[in-house]
Amino acid sequence: MKVLFCCEDTRPEPWLKGLHDALPGAEIAIWEPGAAQADYALVWAPPQQFIDEQAAGLKAMFNIGAGVDALLPLTIPAALPVYRLEDAGMSVQMAEYVAQAVIRFFRGLQSYENDMAEGIWQHQRNPKRADYPVGVMGLGKMGERVARALTVFDFKVNGWSRSQRAIDGVKCFGGMEQLDDFLSQTRILVNLLPLHAETENIINARTLARLQPGAFVINVGRGGHVVDDDLIAQIDSGHVSGALLDVFREEPLPESHPFWKHPKITLTPHTSARTLAADSIAQIVGKVAAMSRGEPVTGQVDLVKGY
């Protein structure tokens with residue numbers, strides 16, 4: 001068995017060691033142009049040349065992340081099965097990241113920090129939880145985990161996805177025809193959608209205006225979901241009170257981007273849910289073993305739908 005690793009901006013050493021340990025006897029190598037044909041491949045934002053050279057002989061290609069938007073511009077043969085990671089330790093990270101962000105906004109912790117930095121000792125009003133309904137856009141494995149986590153804190157949680165879902169304790173909306181209803185019942189918007197043609201720019205002037213006054217936006221999906229200028233305009237107007245952004249159209253975020261200096265926008269460097277090499281390798285090796293036994297394998301990507 002030969003496995004190729006073709007992952008841009010990913011430190012290869014822990015992946016190569018983990019693959020060697022988990023697949024003794026297999027040939028594990030970093031892809032280089034002209035490399036001999038492999039059986040399986042681990043990829044992240046691979047070049048088209050990799051697909052052109054390797055696709056015909058691959059039994060499967062594994063995307064080492066939950067989002068596959070980097071694969072969508074590529075020409076990938078329909079006969080090549082592509083699999084994404086299913087959780088692999090990312091959903092609990094995402095749940096804790098979003099939960100702290102929601103609670104930080106709800107409890108006004110930034111205002112307290114500002115006061116204390118100025119030597120001011122004062123209490124703010126106690127917020128009413130009913131005034132802060134949370135809306136989670138995208139109800140895949142991570143979105144569902146986030147929505148369930150927020151119900152633990154007794155928030156009213158709404159969820160929206162392109163197809164109707166059912167989650168205990170969460171009011172679910174489905175399809176574009178129910179998007180406006182979802183937004184009108186949301187004050188804290190959490191975006192976890194996959195990025196594809198139908199969801200690009202979905203957080204824009206029109207959709208932001210549908211949110212409840214004083215809304216707060218948390219984007220942990222992809223930067224392409226947000227129209228940057230529209231978000232800034234809605235914050236400056238006062239309709240949106242602020243945002244926490246973890247993902248951006250260009251990463252690293254350019255020094256000249258206005259997000260950096262906006263006083264009501266908090267930034268983190270795409271760190272809400274990091275891919276864990278050990279957990280990911282264990283999942284991929286399990287899928288390879290299932291394939292060898294002729295068993296069905298979950299997590300296959302529909303490249304037409306984009307997830």
Side-chain angles (χ1 to χ4, degrees), residues 69 94 98-99 101-106 108 127-140 142-144 146-148 150-151 153-167 169-249 258-259 262-267 272 306-307:
D69 43 290
M94 188 64 78
V98 172
V102 169
I103 293 168
R104 180 178 175 81
F105 173 67
F106 168 65
K128 295 181 180 179
R129 209 169 297 270
D131 293 338
Y132 290 80
V134 183
V136 179
M137 297 178 74
L139 297 174
M142 283 196 284
E144 180 174 346
V146 166
R148 290 185 186 278
L150 292 170
T151 64
F153 299 100
D154 292 343
F155 287 104
K156 179 182 178 181
V157 181
N158 303 314
W160 180 84
S161 54
R162 292 202 302 164
S163 55
Q164 188 68 49
R165 298 287 305 279
I167 302 172
V170 178
K171 183 178 180 180
C172 292
F173 298 77
M176 295 303 295
E177 65 277 6
Q178 293 187 9
L179 178 59
D180 283 357
D181 286 344
F182 162 80
L183 294 169
S184 68
Q185 297 180 48
T186 294
R187 186 169 182 185
I188 304 176
L189 180 67
V190 181
N191 176 49
L192 281 147
L193 288 167
L195 180 64
H196 47 73
E198 292 186 19
T199 62
E200 188 173 9
N201 299 324
I202 195 169
I203 301 176
N204 55 47
R206 192 197 74 81
T207 53
L208 289 167
R210 296 296 191 278
L211 296 171
Q212 294 181 1
F216 189 76
V217 175
I218 301 168
N219 187 23
V220 287
R222 287 290 186 266
H225 289 124
V226 175
V227 179
D228 296 355
D229 289 344
D230 289 0
L231 176 60
I232 290 172
Q234 287 289 328
I235 293 174
D236 290 345
S237 75
H239 179 69
V240 174
S241 61
L244 171 60
L245 308 176
D246 185 55
V247 288
F248 310 93
R249 289 179 178 271
F259 282 165
H262 199 291
K264 295 184 178 180
I265 297 177
T266 300
L267 312 176
S272 54
Y307 58 91

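Values reported hereafter were calculated over all heavy atoms of this structure, with side chains retained and with hydrogens, waters and symmetry mates removed. Keep in mind it's a predicted model, so treat the numbers as computed, not measured.
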[X] side, atom [atom1]; [Y] side, atom [atom2] - distance, nearest 0.5 Å:
{"X": "Ile232", "Y": "Ile235", "atom1": "CD1", "atom2": "CD1", "value": "7.0 Å"}
{"X": "Glu177", "Y": "Leu179", "atom1": "CD", "atom2": "CG", "value": "9.5 Å"}
{"X": "Leu211", "Y": "Phe216", "atom1": "CG", "atom2": "CZ", "value": "12.5 Å"}

Any Lys/Arg nitrogen of [X] or [Y] sitting under 4.0 Å from an Asp/Glu carboxylate oxygen of the other?
{"X": "Arg222", "Y": "Glu200", "result": "no"}
{"X": "Arg129", "Y": "Asp154", "result": "no"}
{"X": "Asp131", "Y": "Arg187", "result": "no"}

Show the nearest heavy-atom pair for residues [X] and [Y], with the distance to one decimal.
{"X": "Ser237", "Y": "Gln234", "value": "OG-O, 2.8 Å"}
{"X": "Leu267", "Y": "Ile265", "value": "CD2-CG2, 3.5 Å"}
{"X": "Gly214", "Y": "Phe105", "value": "O-CZ, 3.6 Å"}
{"X": "Phe153", "Y": "Ala99", "value": "CE1-CB, 4.2 Å"}
{"X": "Ile218", "Y": "Ala101", "value": "CD1-CB, 3.7 Å"}
{"X": "Arg249", "Y": "Val226", "value": "NH2-O, 2.8 Å"}

Contact check, side chains of [X] and [Y], non-hydrogen atoms, under 4.5 Å:
{"X": "Leu139", "Y": "Ile167", "result": "yes"}
{"X": "Leu231", "Y": "Asp228", "result": "no"}
{"X": "His262", "Y": "Asp236", "result": "yes"}
{"X": "Leu183", "Y": "Leu189", "result": "yes"}
{"X": "Ser272", "Y": "Met94", "result": "yes"}

Main chain of [Y], side chain of [X]: is a donor-acceptor contact present, judged purely on distance under 3.5 Å?
{"X": "Thr186", "Y": "Val134", "value": "no"}
{"X": "Thr199", "Y": "Leu193", "value": "no"}
{"X": "Gln212", "Y": "Ser184", "value": "yes"}
{"X": "Thr266", "Y": "Leu244", "value": "no"}
{"X": "His239", "Y": "Leu208", "value": "yes"}
{"X": "Asn201", "Y": "Val227", "value": "no"}
{"X": "His225", "Y": "Pro194", "value": "yes"}
{"X": "Asp230", "Y": "Ala205", "value": "yes"}
{"X": "Gln164", "Y": "Cys172", "value": "yes"}

| request: Would you check, one step at a time, whether the test side-chain contact (heavy atoms from CB on, under 4.5 Å) holds for Asn191 with Ile203? | output: CA-CA 9 Å; Asn191 176 49; Ile203 301 176; 3.8 Å; yes

| Given the rule in the side-chain contact (heavy atoms from CB on, under 4.5 Å) test, do Arg165 and Trp160 qualify, once you have shown the distances and angles that lead to the verdict? | CA-CA 8 Å; Arg165 298 287 305 279; Trp160 180 84; over 6 Å; no

| task | May I have the step-by-step check of side-chain contact (heavy atoms from CB on, under 4.5 Å) for Val217 and Val240, ending in yes or no? | result | CA-CA 8 Å; Val217 175; Val240 174; 4.2 Å; yes

| query | Are Tyr132 and Lys156 close enough, and set up right, to give a side-chain contact (heavy atoms from CB on, under 4.5 Å), and what steps lead you there? | reply | CA-CA 8 Å; Tyr132 290 80; Lys156 179 182 178 181; over 6 Å; no

| Is the distance between the ring centroids of Phe155 and Phe106 under 6.0 Å? |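 They qualify: ring centres under 6.0 Å apart.
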
| said: Assess the residue pair Arg206 and Asp180 against the criterion (salt bridge (charged side-chain N to carboxylate O under 4.0 Å, His left out)); give the C-alpha distance rounded to whole Å, side-chain angles, the decisive distance to 0.1 Å, and a yes or no. | reply: CA-CA 10 Å; Arg206 192 197 74 81; Asp180 283 357; 3.1 Å; yes

